[in-house]
Amino acid sequence: MSDDFKHVESHDCPMSTCAAPAGSPCRTGKGKVAIQYHTARFRLVPQLAKALSVPTPAVRKPGSVWTELPRPVRAGAEPVGHVRSDTPAPRPPGVQVT
């Protein structure tokens, strides 16, 4: 099986009628998994920009009811719920650091 779908799904679908988030397949106007990815979405992937179509793989169950799948974790991204700060947190007045 080709990994093209993983490259396509690394982007949100720019089609206003679909707007599938990264990590999920494209959807139809009737709320089903599309049988192929929208052209505007797969053209965001340089190696697929000239392809005529990119079919949705069977693992994504084309034709079934669409549900949002977990978004992919981006390299270098902070885990959800964690906050990173380069500056120390302010201390209440009268508290000394030893």
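All of these numbers come straight from a predicted model, not from anything done at the bench.
- T28 is linked by a side chain to side chain contact (heavy atoms under 4.5 Å, CB included) to K30, K32, A34, counting only residues two or more places apart in sequence or in another chain.
- Residues C13 and H38 approach most closely at SG-ND1, 3.5 Å, considering heavy atoms.
- Linking ILVMFWY residues whenever their side-chain heavy atoms come closer than 4.5 Å, directly or via other members, places F5 and V54 in the same cluster.
- You'll find the side chain of Y37 reaches within 4.5 Å of the side chain of P25, heavy atoms only.
- Judged as a side chain to side chain contact (heavy atoms under 4.5 Å, CB included), and not counting sequence neighbours, the contacts of R43 are T39.
- The two residues C26 and A20 make their nearest non-hydrogen contact at CA-CB, 4.1 Å.
- For the pair H7 and V45, the tightest heavy-atom approach, listed with the atom from each and the gap, is O-CG2, 3.5 Å.
- Residue I35 is not grouped with residue V65 when hydrophobic side chains (ILVMFWY) are merged at heavy-atom distances under 4.5 angstrom, including chains of intermediate members.
- Applying the side chain to side chain donor-acceptor pair (under 3.5 Å) rule to pairs touching residues 54-64 yields E9-R60, sequence neighbours excluded.
- Scored by the side chain to side chain contact (heavy atoms under 4.5 Å, CB included) test, A40 finds P14, M15 as partners (sequence neighbours excluded).
- Checked against side chain to side chain contact (heavy atoms under 4.5 Å, CB included), E68 has the following partners two or more places apart in sequence or in another chain: P21, S24, W66, R71.
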